[in-house]
Amino acid sequence: MKGDMRKDYLYRYLLYRFEKETCKNSALERINQEAKERICQQATKITRRISVFVGLVYLILFCLIIIWLNANCSQNPFFRWYQGYIESLFPLINGDWGSSWIEKKGTILWISIKAFPIFVLNGVPFLLLVLLIANRTLKKKMKAECIN
């Protein structure tokens with residue numbers, strides 16, 4: 001990816017975790033700043049690669065679960081709410097968005113606000129999974145650095 005990796009949220013999170021682990025482990029205090037940045041950059045790159053694969057698997061499994069629930073669990077109250085909530089977004093998405101650019105921006109904002117609970121339900125488990133992968137990758141990199 002182009003750009004400065006130090007501005008990435010994942011890199012900042014890993015640097016924060018590294019500093020937190022440094023307070024717990026005295027062996028990590030002797031590592032200089034360049035080595036810390038190098039370890040965090042490597043951990044960020046590895047986490048990104050793993051997260052792409054895990055994201056694809058997560059998306060496929062999520063779609064399969066939704067298809068299975070749609071076919072088998074029509075009486076489940078949570079799934080009925082979930083399906084009804086998504087169906088309530090269809091008139092907004094397929095309806096009239098207005099003629100001016102401001103009306104179109106307002107429609108996009110309204111759809112985003114209405115769809116936020118669905119994004120949270122679908123996205124938070126993946127975000128937590130990425131953070132777990134990042135922590136594990138960082139710990140492996142720190143162990144390798146302490147051994148050397």
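FYI, the numbering just counts along the sequence from 1.
- Looking at every heavy atom in both residues, L14 comes nearest to A134 through CD2-O, 3.4 Å.
- One N or O on the side chain of E103 and one on the backbone of S99 form a donor-acceptor pair closer than 3.5 Å.
- Evaluation of the salt bridge (Lys or Arg N to Asp or Glu O under 4.0 Å) rule for R136 yields no partner, not counting sequence neighbours.
- Separation of atoms OG1 (T137) and CZ (R49) is listed at 11.0 Å; rounding is to 0.5 Å.
- The side-chain heavy atoms of I46 and K141, taken from C-beta on, include a pair separated by under 4.5 Å.
- Put simply, L92 and I108 are part of the same group of oily side chains (I, L, V, M, F, W, Y) that touch within less than 4.5 Å, one to the next.
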Go through Y13 and N135 one step at a time and tell me if the side chain to side chain contact (heavy atoms under 4.5 Å, CB included) criterion holds.
-> CA-CA 9 Å; Y13 172 75; N135 286 335; 3.1 Å; yes
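- F62 and V124 fall into different hydrophobic clusters, where Ile, Leu, Val, Met, Phe, Trp and Tyr residues are linked whenever their side-chain heavy atoms come under 4.5 Å apart, directly or through other members.
- Between T47 and I133, the closest heavy-atom pair is CG2-CG2, 4.1 Å.
- Rounded to the nearest 0.5 Å, atoms NZ (K20) and OG1 (T22) are 12.0 Å apart.
- Each side chain to side chain donor-acceptor pair (under 3.5 Å) pair with one or both residues in residues 113-126, not counting sequence neighbours, appears once here: Y82-N122.
- The minimum heavy-atom distance between L121 and P125, with the atom names listed, is O-CD, 3.5 Å.
- With values rounded to the nearest 0.5 angstrom, F18 atom CZ is found 10.0 Å from Y11 atom OH.
- Other residues, nucleotides and ligands place more than 12 heavy atoms under 6.0 Å from the CG atom of L64.
- Between the CD atom in Q41 and the CG atom in L15 there is a gap of 10.0 Å [rounded to 0.5 Å].
- Distance check: M142 CE to K36 NZ gives 11.0 Å after rounding to the nearest 0.5 Å.
- The hydrophobic clustering, which links ILVMFWY residues whose side-chain heavy atoms are closer than 4.5 Å, places I86 and F78 together.
- Considering only residues two or more places apart in sequence or on other chains, Y85 meets the ring pair (Phe, Tyr, Trp, His ring centres under 6.0 Å) condition with W81.
- For N32, the side-chain contact (heavy atoms from CB on, under 4.5 Å) partners two or more places apart in sequence, or in a different chain, are E34, A35.
- Residues V120 and L129 do not share a hydrophobic cluster, defined by chaining ILVMFWY side chains whose heavy atoms lie under 4.5 Å apart.
- Contacts classified as ring-ring contact (aromatic ring centres under 6.0 Å, His included) and involving residues 97-123 (residues at least two apart or in different chains) are not found.
- Cluster membership check: F90 shares its hydrophobic cluster with F79, using side-chain heavy-atom separations under 4.5 Å among Ile, Leu, Val, Met, Phe, Trp and Tyr.
- Expressed to the nearest 0.5 Å, how far OH of Y9 lies from CZ of R12 amounts to 6.0 Å.
- With sequence neighbours left out, the side-chain contact (heavy atoms from CB on, under 4.5 Å) criterion links F126 to V54, Y58, V130.
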